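Right, one structure below, let's go through it.
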Amino acid sequence: MALTLRSSTSFLSPLEPSSKLHKAEDAPPSCVAVPAAPSRLRVLRAAAQAPLSPMEAPAPELLHGQAQQAHSGGQKRGGVPVYVMLPLDTVGPGGQLLRARALAASLMALRSAGVEGVMVDVWWGVVEREGPGRYDWEGYAELVRMVERAGLRLQMVMSFHQCGGNVGDSCNIPLPSWVLEEVSANPDIVYTDRSGRRNPEYISLGCDTLPVLKGRTPVQVYSDFMRSFRDRFSGYLGTVIAEIQVGLGPCGELRYPSYPEANGTWSFPGIGEFQCYDKYMRASLQAAAAAAGHENWGTNGPHDAGEYKQFPEETGFFRWDGTWSTEYGSFFLEWYSGMLLEHGDRVLAAAEAVFGGTGAMLSAKVAGIHWHYRTRSHAAELTAGYYNTRNHDGYAPIAGMLAKRGVVLNFTCMEMKDEQQPGHAGCSPEQLVRQVRAAARAANVELAGENALERYDESAFAQVAATAAAGDAGAGLSAFTYLRMNRNLFDGDNWRRFVAFVKTMADGGGARTGLPSCDTGHSDLYVGFLEAANERRAPEAEAAAAAL
């Protein structure tokens with residue numbers, strides 16, 4: 001995905017005397033907050049233009065002190081903090097920070113809009129690409145330093161999955177080559193469907209505790225990765241690095257890869273397929289069936305579950321009165337979802353042991369699978385590993401597991417409305433969000449959110465804001481992460497709506513996201529600056545355009 005500011009625009013040019021920026025005392029209380037004076041903007045620009053060298057080992061002590069000052073001791077600013085996802089290839093496949101100059105300018109823009117910070121994927125395939133236990137953190141070190149300079153905070157995702165082949169994937173970052181060598185030698189260490197298709201997005205949870213990766217178990221590999229990260233960035237955890245999101249499956253989500261888009265395997269709103277056919281998952285199923293006194297149930301997965309692109313009523317398993325509602329169906333779904341829960345708890349226990357006491361919050365992401373939610377079987381959720389049907393709550397156990405580890409539940413599709421979905425797909429994202437929100441409240445676990453699709457309209461922003469506000473349906477959101485920073489975000493109308501949205505969230509959420517009538521200049525900070533910068537064509541603008 002292309003980064004923002006692709007035009008000749010620059011946020012790095014010095015202020016002109018004719019700038020339309022308002023002073024702080026000119027702004028009524030209801031207007032969007034922006035930097036108070038030109039001198040502050042010059043400071044930010046100077047920081048953005050400073051040399052961007054990787055951190056040296058002794059540096060964190062000094063920078064940690066600066067971070068505490070910048071972030072008020074690590075406390076969030078109030079309301080519902082908004083983060084923005086950085087491009088997937090912010091740190092490229094070779095470990096280098098890409099488009100650094102334009103990124104620094106973009107961070108300055110986000111900071112003035114009032115966002116709390118940014119989110120970045122820390123790719124396993126990038127950091128440990130050279131071999132087992134050989135970690136390269138330098139590109140991420142440069143990013144952490146840049147984010148600190150901008151006065152922002154970081155959510156860093158331990159991304160143990162590949163990038164490529166799913167919704168929104170704009171680049172290809174596979175698992176480390178040495179891991180793929182192991183997959184070639186033993187294809188059963190990745191998820192497999194009923195037809196024998198192997199999925200290299202993520203290591204199968206069936207071998208979590210087996211030494212299938214050069215003598216280490218997958219959980220040991222993830223733990224070693226996180227420990228190396230902690231040691232490298234210890235001076236920033238809890239201050240600049242506010243949150244560690246622990247990847248638990250494809251797209252970083254706690255789920256099976258039941259709806260892969262690669263090569264047209266799946267398309268919306270297909271039900272997907274169960275992913276339990278590698279030899280390790282089969283062995284577990286056989287053992288569970290024997291323990292239940294039904295050995296014949298362990299010979300295979302459901303034979304009547306259909307194919308990726310089918311609808312529930314086209315299958316014997318998912319139809320209105322299908323196999324899902326039988327004793328066998330209950331057994332299989334309990335086992336399938338239980339394996340996913342155990343995997344999540346296993347990896348999060350490792351993360352808790354590594355990051356406990358560092359001050360960084362832990363979170364985990366759960367997918368918002370809203371299609372076929374209005375059916376009795378909730379087929380698409382079942383194949384993904386969420387045992388959520390008309391008669392069974394699939395999110396309460398997940399919330400309980402996260403609560404046990406003190407982990408924030410990060411949920412997607414917060415921007416969606418039922419009325420905007422195609423009627424034939426049986427969607428209900430609003431009911432799904434309400435169910436997850438209730439589960440989080442009952443388990444006493446914090447709930448954070450994301451938008452599932454790239455949206456810039458007021459309807460989407462208003463839906464998020466309404467969900468973020470505390471109410472009778474449960475506690476409000478503890479944070480929201482916006483998908484995603486790119487060129488479109490900084491377009492005039494999109495930017496104005498986004499700035500208004502951030503202000504609404506800072507006020508605690510609610511339905512109001514429109515710009516106040518008094519907003520004649522503040523949300524135009526970067527729009528107006530863009531126009532002036534286009535005329536000046538400063539060298540920094542040329543460099544940013546060339547970099548993008």
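All figures in this text were calculated on a predicted structure; none of them were measured in a lab.
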*How many angstroms lie between atom OH of Tyr482 and atom CE of Met85, to the nearest 0.5 angstrom?*
10.5 Å
*What about Trp266 and Tyr259, are their ring centers closer than 6.0 Å?*
yes
*Using the ring-ring contact (aromatic ring centres under 6.0 Å, His included) rule, pick out the option among Trp137, Phe160, Tyr135, Trp124 that qualifies with Phe229.*
Trp137
_Pair Gln275-Thr192, side-chain donor/acceptor within less than 3.5 Å_ = no
*Take Ser204 and Asp278, measure what side chain to side chain donor-acceptor pair (under 3.5 Å) needs, and give me the verdict at the end.*
CA-CA 8 Å; Ser204 170; Asp278 63 77; 2.9 Å; yes
*Ion pair present between Arg497 and Asp457, side-chain N to carboxylate O less than 4.0 angstrom?*
no
*Mind checking the CG-CD spacing from Leu477 to Glu446? Nearest 0.5 Å is all I need.*
10.5 Å
*asked:* Which residues pass the salt bridge (Lys or Arg N to Asp or Glu O under 4.0 Å) test with Glu253, not counting sequence neighbours?
replied: Arg255, Lys365
_Full working for side chain to side chain donor-acceptor pair (under 3.5 Å) between Ser223 and Arg227_ = CA-CA 6 Å; Ser223 182; Arg227 188 176 299 106; 3.2 Å; yes
*Look at the rings of Tyr202 and His343 and say which category their plane angle falls in: under 30° parallel, 30 to 60° tilted, over 60° perpendicular.*
perpendicular
*asked:* Please report the interatomic distance OG1(Thr265) to CD(Glu261), rounded to the nearest 0.5 Å.
replied: 9.5 Å
*Using a distance-only test with no angle check, is there a side-chain donor-acceptor pair under 3.5 angstrom linking Tyr308 and Asp193?*
yes
*Would you check, one step at a time, whether the test side-chain contact (heavy atoms from CB on, under 4.5 Å) holds for Leu362 with Val408?*
CA-CA 6 Å; Leu362 290 178; Val408 176; over 6 Å; no
*asked:* Restricting to ring pair (Phe, Tyr, Trp, His ring centres under 6.0 Å), what partner residues turn up for His161, sequence neighbours left out?
replied: Trp123
*Should Glu454 and Asn486 be marked as a side chain to side chain donor-acceptor pair (under 3.5 Å) after you check the CA-CA gap, both sets of side-chain angles, and the distance that decides it?*
CA-CA 10 Å; Glu454 190 175 311; Asn486 59 31; 3.1 Å; yes
*Going through the checks in order, is the salt bridge (Lys or Arg N to Asp or Glu O under 4.0 Å) test met by Arg496 and Asp491?*
CA-CA 8 Å; Arg496 288 170 60 86; Asp491 284 347; over 6 Å; no
*Drop me the distance from Thr383's OG1 to Ile369's CD1, to the nearest 0.5 angstrom.*
6.5 Å
*asked:* Between Arg153 and Glu243, does the salt bridge (Lys or Arg N to Asp or Glu O under 4.0 Å) criterion hold? Intermediate values first, please.
replied: CA-CA 9 Å; Arg153 310 180 83 192; Glu243 180 180 326; over 6 Å; no
_For Val221 and Glu128: C-alpha separation, side-chain torsions, deciding distance, then whether side-chain contact (heavy atoms from CB on, under 4.5 Å) applies._
CA-CA 10 Å; Val221 171; Glu128 204 174 354; 4.2 Å; yes
_Inter-residue atom distance Tyr456.OH - Trp495.CH2, 0.5 Å rounding_ = 11.5 Å
*Residues which pass ring pair (Phe, Tyr, Trp, His ring centres under 6.0 Å) with Tyr83, listed by chain and number, not counting sequence neighbours*: none
*Name all residues meeting the ring pair (Phe, Tyr, Trp, His ring centres under 6.0 Å) criterion together with Tyr386; count only those two or more places apart in sequence or in a different chain, and write none if there are none.*
Tyr395
_I'd like to check the ring pair (Phe, Tyr, Trp, His ring centres under 6.0 Å) partners of Phe411; sequence neighbours left out, ordered by chain and number._
none
*Any side-chain donor paired with an acceptor under 3.5 Å for Glu450 and Thr412?*
no
*asked:* Applying salt bridge (Lys or Arg N to Asp or Glu O under 4.0 Å) as the test, list every pair that has at least one member in residues 348-360; sequence neighbours left out.
replied: Glu352-Arg405
*4.5 Å side-chain heavy-atom contact, Glu381 and Leu432*: yes
*In Å, rounded to the nearest 0.5 Å, how long is the span from OG1 of Thr217 to CG of Leu210?*
8.0 Å
*Walk me through it: do Phe461 and Phe480 pass the test ring pair (Phe, Tyr, Trp, His ring centres under 6.0 Å)?*
CA-CA 11 Å; Phe461 287 138; Phe480 179 79; 8.5 Å; no
